[in-house]
Number of protein chains: 2
Amino acid sequence: MDIINQILQGDIRATARLMRDLDEGEPRAREVLKELYQYTGRAHIVGLTGSPGVGKSTLTDRLIQQLRQQGQTVGVVAVDPTSPFSGGAILGDRIRMQRHATDEGVFIRSLATRGHFGGLTASARAVINVLDAMGKDFVLVETVGVGQDEVEIAGAAHTTIVVTVPGMGDDIQAIKAGILEIGDIFVINKADREGADRTFQDLVTMIEMRQPHQAEDGWRPRVLKTEAPKSLGVPELLAVILDHRDYLRREGGRNLARLMAPRLRGELVDLILQSLREKILPRILAEASLEQTLADISARKTDPYTVSEAFVARLFNTVVSG
Amino acid sequence: MDIINQILQGDIRATARLMRDLDEGEPRAREVLKELYQYTGRAHIVGLTGSPGVGKSTLTDRLIQQLRQQGQTVGVVAVDPTSPFSGGAILGDRIRMQRHATDEGVFIRSLATRGHFGGLTASARAVINVLDAMGKDFVLVETVGVGQDEVEIAGAAHTTIVVTVPGMGDDIQAIKAGILEIGDIFVINKADREGADRTFQDLVTMIEMRQPHQAEDGWRPRVLKTEAPKSLGVPELLAVILDHRDYLRREGGRNLARLMAPRLRGELVDLILQSLREKILPRILAEASLEQTLADISARKTDPYTVSEAFVARLFNTVVSG
C-alpha cells in the first residue's frame, strides 16, 4: 500500500490523515494499522503524568527541545484536556507550542478525554504504534494522572515520569493512592518554589519504603528537581530517561520484555472486548422492546440488573450450547 | 429476604455487608440489589467534582453537617483517591471525618479508582441505589473531575456541583474542556483567596455564553463562593441545591424524567457490556493458544488487531449465522 510507505518514510500529511481516519473508525485505517504493526517496537515511549497545573506541558516542550538538539525525532501524544498540546489552554501557551509545528522531526497528536468513551486507551495505543512505525525515536505521552484511563495510558509507556510541584500535599496523597507504583522517575517541577526540598525528601522516603520489595537488579526510581520554563534540570532528566532506557534494553532487552509481556496481554484483552462492544452495541439499541423496557425500569416494575442478565443469556444461548 | 428488610430499615451492618459482597462480586449480593431496586428513586443525588486540592471533602463534610441540622439523612459515595472519605488523605483529615461515623443518619462508602477497571461507574451506581433504597434523603457523590469515569459518575447525579478555587486557570481550562456541560452549580471554594471575584466573573461569563442554546424554562447554572472550613456559603449552597431539586421535580417531575431517560439507557447498555465482559474474559484467558499468540505479536509476526478480530469472529460465527 502506498500509504504504508508514505508513513514509514515519515510523511506528515499521510500520517495525519491516517490518525483522523482511525479517530473516525474507518475500517480501512484499521487495515493500515495492522500493516504498520510489524514496523513498531523501535521507539522509546515516555509517559508524563501529574495533576493539572504542575507544568507537564512546559516540561514536555523542553524535553522535545532537548531531544531535537541531540538529533532525535519525537512524537507527542497529548491526552490531557488542560494541555496546550491538546488545544485546551490559553492562546499564549498555544502559540508557544506552535514552534514545533514547523519542525519536521516532531509530530504532535492530541486525543480528547471526552467523546472516546470506552476507547481512549485503545486510541492512544494506536497513535503510539503509528508514531513508532513512522520512525520517531521517542514518543512522549502526556496525561493527567488522576483518572483510570490516564493511569492506564501512562502505563503503556516504557518510562513513566510522574510530575508534581513543591508542597502539593494532595498530590502526594494521589501518588500514594496509586501512582507511586507506575513512576520510574519523579520530577518536582517549579522547584524554585518553597518546600521543594521537603517534597524531594518525602518522595525519596516513599520510594525507599517500597524498595525492600524490589529485585536486587531492579530499577530504583529517581527523583529530580526541574524548573521547566528555564530548562533547568531538563538535560539531567533526559539523562535519567536514557539511563532507564539502557536498563530496559540491557541483556538483550530482558527487562523490557518482562515489562511488556503482561501489558501486551492486557492490550489484547482490551481490543477483544472493544470489538465485542462494537458488534453488540447496535444489537442492544435495535432491540424492539428497548423503549418499553426502559419505561418498566423507570416505573420500578423491573430492574436494570435483571434486564441486562436476560439480554446476555439470550445472546449466548446459541454459543454456549453449541 | 431478611437482609432486604434490614437494609430498608436502614440497618448499617447489613448495608455494609451487602456493599462488601457487591464489591467482591458475590452473585447473592446482586440478587439483593435486584430486590432493592423497586425501593429506589426517592433520594436526591448530588455529585461534587473538581481537581485535587480544591477542598471538595471539607465542603462535603460541611454539607453533611448542614443537611443533618435540617433533619435530613445522608449517604456519601467517595470515588476520589485524594479524599479523606476514601481513606486516601493524612491522618488529621481522616479523624475530622470520623465525627460522622457515630451518626446513624450518615452512611459513608468509599470506592477505589484502581482495582475496579471497567466497573467503577457500575459500582458507584450500585452503591447509590443501595443508599437510596436504605432511605437516605440525600446521596452525595464525591469524585475527582478529570478522568472519564469520574465525569461519568458525576453525571449520574441529579444535581452536579463543580468545585474550583480562585485563580485556578488550568482548572477553568479543564472546565471548558468538558465539565462546563455537566455543572448545575459552580462553587468557588477558598473564596478568601486572591482572585475569587475574577474567577466568579469568568464562570458567569462562560455560563452566559452557552445560555443562548438553553431552553427558556431551563435551569440557569448558578455560581457561588464558599469558605468550607468556616462553613461560609454552605447554607446558601444547600439552598441552591434545593432550588435545583425543586426545578427537577416541578410539574410531576418532567425535568427529572427528561434528565434521567438517556442516563438509564446508558446504564443499561453499560450493564449489558459488563455482563458480556464477565462472560467472555475467562474464555479469552483460557484460550490454549494465547501464550503462543502473544509471542507471535511480540515478534511482530502478527498484530493484536488481527488477532482480536479473529477471536470475535470465531465467537460470533454461531450467533450471527443462527
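Residue numbering restarts at 1 for every chain, and letters A, B, ... go by the order of the sequence lines. As a basis for the values below, the full set of heavy atoms in this structure was taken, side chains included, without hydrogen atoms, waters or symmetry mates.
Across B:Q38, B:R125, B:E291, B:E309, the residue that shares the most heavy-atom pairs under 4.5 angstrom with chain A is B:E309. By number of non-hydrogen pairs under 4.5 angstrom with chain B, the leading residue of A:A261, A:A310, A:S308, A:S298 is A:S308. The most heavy-atom pairs under 4.5 Å with chain A, out of B:A295, B:A257, B:S275, come from B:S275. Ranked by heavy-atom pairs shorter than 4.5 Å toward chain A, the options B:L281, B:I284, B:I272 are led by B:I272. Between chain A and the residues B:V307, B:D270, B:I280, the most heavy-atom pairs under 4.5 angstrom are made by B:I280.
In this structure, chain A has heavy atoms under 4.5 Å from both the backbone and the side chain of B:L271. For B:T302, the part lying near chain A is the backbone, with the side chain staying farther off; criterion is any non-hydrogen pair under 4.5 Å. Contact annotation for A:L290: only side-chain heavy atoms (C-beta onward) come within less than 4.5 Å of a heavy atom of chain B. Residue contact with chain A, scored on non-hydrogen atoms closer than 4.5 Å, involves the side chain of B:E267 exclusively. Of the two parts of A:R30, only the side chain, counted from C-beta on, holds a non-hydrogen atom closer than 4.5 Å to a non-hydrogen atom of chain B. Both the backbone and the side chain of A:L276 come within less than 4.5 Å of a heavy atom of chain B. When heavy atoms are compared at a cutoff of 4.5 Å, A:I297 approaches chain B by way of both its backbone and its side chain. Of the two parts of A:L294, the backbone and the side chain both hold a non-hydrogen atom closer than 4.5 Å to a non-hydrogen atom of chain B.
Salt bridge status for A:R28 with A:E31: absent, with no side-chain N to carboxylate O gap under 4.0 Å.
In this structure, the side chain of A:N129 does not engage the main chain of A:L36 through any donor-acceptor pair within 3.5 Å. Between the side chain of A:K56 and the backbone N or O of A:G50 there is at least one donor-acceptor pair closer than 3.5 Å. Put simply, the side chain of B:D132 gets close to the backbone of B:G41: a donor and an acceptor are under 3.5 Å apart.
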Query raised in the report: Stepwise, does the side chain to side chain contact (heavy atoms under 4.5 Å, CB included) test hold for A:H158 with A:M260?
Result: CA-CA 8 Å; A:H158 299 143; A:M260 297 315 281; 3.7 Å; yes
Report task. Take B:V32 and B:D21, measure what side chain to side chain contact (heavy atoms under 4.5 Å, CB included) needs, and give me the verdict at the end. Result -> CA-CA 10 Å; B:V32 174; B:D21 289 351; over 6 Å; no
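Counting only heavy atoms from C-beta outward, the side chains of A:T293 and A:F311 never approach each other to under 4.5 Å. Side-chain contact check for B:V165 versus B:T199: every heavy-atom pair is 4.5 Å or farther apart. Using a 4.5 Å cut-off on side-chain heavy atoms (C-beta onward), A:V54 and A:N189 make no contact.
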